[in-house]
Participant: 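Have a look at this one before I ask anything.
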Amino acid sequence: MKLNEILGTEFPIIQGGMANIATGEFAAAVSNAGALGLIGAGGMTAELLREHIRTCKSLTEKPFGVNIMLMNPAAAEMAQVVIEEGVKVVTTGAGVPGQFVPAWKEAGIKVFPVVPATTLVRRLEPLGVDGFIAEGTESGGHVGELTTMALVPQVCEMTGLPVIAAGGIASGRQLAAAFALGACGVQVGTCLLVSVECPIHDNYKQAVLKAKDSDTTVTGRSVNAPVRILKNQMSREYLKQERAGAGREELEKFTLGSLRRAVFDGDTKTGSLMCGQTAGLLHAIRPLRTIFEEMVRDSQAVLAETEAKWG
């Protein structure tokens with residue numbers, strides 16, 4: 001069963017839960033363009049999340065969801081807000097959502113945890129989740145160590161639940177590959193940074209467009225908080241401090257506000273420009289609808305070509 005059939009969307013694509021970027025307005029725009037928009041609650045309070053959910057409802061009649069970062073101090077409050085506001089889909093990251101799943105399922109919410117390794121699949125499947133987002137290290141933002149190519153088929157082998165591939169997906173060829181690996185659809189983020197509708201500063205968008213395949217790096221591995229971002233002055237200084245033995249608290253102070261500086265102020269020097277390795281495939285700012293249509297159309301062409309060649 002394809003992801004679009006599970007979610008009631010046009011395309012088998014969901015948008016990543018990008019903190020400070022995935023607003024109610026952006027989630028609605030993604031949903032109206034045919035994919036599943038997600039409100040990224042990572043940088044929000046519970047009441048701010050409620051406002052964004054209501055904004056999204058006012059802008060679309062299509063399905064949308066919420067991504068909850070479980071390390072957020074307000075995660076428990078947010079878990080209740082999505083129930084009260086009638087949200088239909090929740091994705092989770094940075095933790096195990098076990099304590100919230102029973103109430104979400106009772107409320108009729110579809111739950112898809114993000115998993116960077118197979119160990120979480122064993123822990124989460126008995127809880128009654130609806131599927132898994134297997135996210136490889138190629139993705140932007142918080143990452144694990146396994147690549148998408150290695151992770152997705154192993155998760156598919158371990159569970160009979162739907163698996164959504166994420167990490168390093170920005171083209172029809174990559175969507176076709178995700179299907180070949182056993183996924184029912186994909187989650188994308190980096191390719192949406194350069195959409196017309198994305199609310200980030202134009203400086204951020206231009207930095208993504210200029211990036212090549214090796215222009216990202218992972219910070220925070222030494223303190224178990226790995227984040228993939230574009231290389232810049234901030235990332236170089238961060239890695240220098242890591243090598244010198246800086247602790248988690250010191251590093252967190254150094255990056256305080258860096259994502260907001262990138263998103264809202266367009267600070268490409270000291271801002272945190274979260275971005276995946278697939279940036280090298282992105283060459284123009286385009287409408288969301290165009291991005292999704294091309295991805296699906298090209299994947300169908302690739303699959304047909306493959307069938308003709310090997311069938």
Side-chain angles (χ1 to χ4, degrees), residues 15-33 37-56 58-60 64-69 71-75 78 81 93-94 139-143 188-211 215-220 225 227-238 251-276 278-279 282 284-288 291:
Q15 161 236 315
M18 302 174 282
N20 290 310
I21 297 172
T23 62
E25 291 90 341
F26 187 57
V30 170
S31 291
N32 286 332
L38 290 179
I39 298 168
M44 298 182 184
T45 63
E47 284 310 305
L48 184 57
L49 172 60
R50 191 188 302 276
E51 291 176 22
H52 279 274
I53 292 170
R54 292 180 177 179
T55 296
C56 192
S58 72
L59 295 173
T60 186
F64 71 93
V66 170
N67 171 263
I68 297 178
M69 293 289 287
M71 63 189 295
N72 189 314
M78 291 176 173
V81 167
S139 65
H142 297 273
V143 295
V188 297
T190 297
C191 66
L192 305 186
L193 291 174
V194 291
S195 65
V196 171
E197 296 90 340
C198 187
I200 63 174
H201 196 284
D202 189 61
N203 290 354
Y204 194 157
K205 293 185 182 184
Q206 293 304 320
V208 174
L209 291 176
K210 291 174 184 174
D215 283 345
T216 69
T217 189
V218 177
T219 61
V227 177
R228 185 175 299 283
I229 61 176
L230 286 177
K231 295 175 181 176
N232 64 359
Q233 178 182 315
M234 190 278 287
S235 71
R236 288 190 292 272
E237 180 58 31
Y238 188 109
L251 291 168
E252 284 180 350
K253 287 180 181 178
F254 176 69
T255 58
L256 189 65
S258 59
L259 179 57
R260 295 185 65 84
R261 288 198 300 274
V263 171
F264 300 113
D265 303 334
D267 183 346
T268 58
K269 291 183 179 179
T270 70
S272 179
L273 301 165
M274 293 189 182
C275 178
T278 198
L282 307 175
I285 296 174
R286 301 181 298 161
L288 287 165
I291 293 170

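Counting begins at 1 with the first residue of the sequence.
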Participant: Atom CD1 in Ile200, atom CZ in Phe26: separation rounded to 0.5 Å?
Facilitator: 8.5 Å

Participant: Give, for atom OH of Tyr204 and atom CD1 of Ile21, the distance between the pair rounded to the nearest 0.5 Å.
Facilitator: 4.5 Å

Participant: Where is the tightest heavy-atom contact between Leu49 and Met44, given as atom of each residue plus distance?
Facilitator: CA-SD, 3.7 Å

Participant: Under 4.5 Å between any side-chain heavy atoms of Asn67 and Gln15, yes or no?
Facilitator: no

Participant: Supply the atom-to-atom distance Met69 CE to Met78 CE, rounded to the nearest 0.5 angstrom.
Facilitator: 10.5 Å

Participant: Roughly how far, to the nearest 0.5 Å, is the CG atom of Asn232 from the CD atom of Glu237?
Facilitator: 11.5 Å

Participant: Would you say Asp215's side chain and Ala207's backbone share a donor-acceptor pair under 3.5 angstrom?
Facilitator: no

Participant: Can you tell me how far apart CE (Met234) and CG (Leu259) are? Round to the nearest 0.5 Å.
Facilitator: 9.0 Å

Participant: Might you point out which heavy atoms bring Ile229 and Ser272 nearest each other, and give the distance in Å?
Facilitator: CG2-OG, 3.4 Å

Participant: Please, which pairs that meet salt bridge (charged side-chain N to carboxylate O under 4.0 Å, His left out) have at least one residue in residues 37-55, sequence neighbours excluded?
Facilitator: Glu47-Arg50, Arg50-Glu84, Arg50-Glu85, Arg54-Glu85

Participant: I'd like to check Ile285 versus Asp202 (side-chain heavy atoms, cut-off strictly below 4.5 Å). Are they in contact?
Facilitator: yes

Participant: List in chain and number order the residues that pass side-chain contact (heavy atoms from CB on, under 4.5 Å) with Asp265, two or more places apart in sequence or in another chain; answer none if no residue qualifies.
Facilitator: Arg261

Participant: Between Cys191 and Leu282, is there a side-chain heavy-atom distance shorter than 4.5 Å?
Facilitator: yes

Participant: Return the SG to CZ distance between Cys56 and Phe64, rounded to the nearest 0.5 Å.
Facilitator: 4.5 Å

Participant: Under 3.5 Å, is there a donor-acceptor pair between the side chain of Asn20 and the main chain of Gly43?
Facilitator: no

Participant: Look at the side chain of Lys205 and the backbone N and O of Ser195, then say whether any donor-acceptor pair between them is shorter than 3.5 Å.
Facilitator: yes

Participant: Determine the minimum heavy-atom distance between Cys198 and Leu192, stating which atoms define it.
Facilitator: CB-O, 3.3 Å

Participant: Do you see a donor-acceptor pair shorter than 3.5 Å between the side chains of Thr60 and Asn32?
Facilitator: yes

Participant: Quick one: does Leu273's side chain get under 4.5 Å of Val208's, heavy atoms only?
Facilitator: no

Participant: Locate the shortest heavy-atom distance separating Ser258 from Thr270; write the atom from each residue and the value.
Facilitator: CB-O, 3.8 Å

Participant: I'd like to know if the side chain of Thr190 reaches the main chain of Ala279, judged simply by a donor and an acceptor atom lying under 3.5 Å from each other, with no hydrogens or angles considered.
Facilitator: no

Participant: What closest approach, in Å, do Gly266 and Asn203 show between heavy atoms, and which atom pair accounts for it?
Facilitator: O-ND2, 3.0 Å

Participant: Work out which heavy atom in Thr216 is nearest to a heavy atom in Gly276; give both atom names and the distance.
Facilitator: CG2-O, 3.7 Å

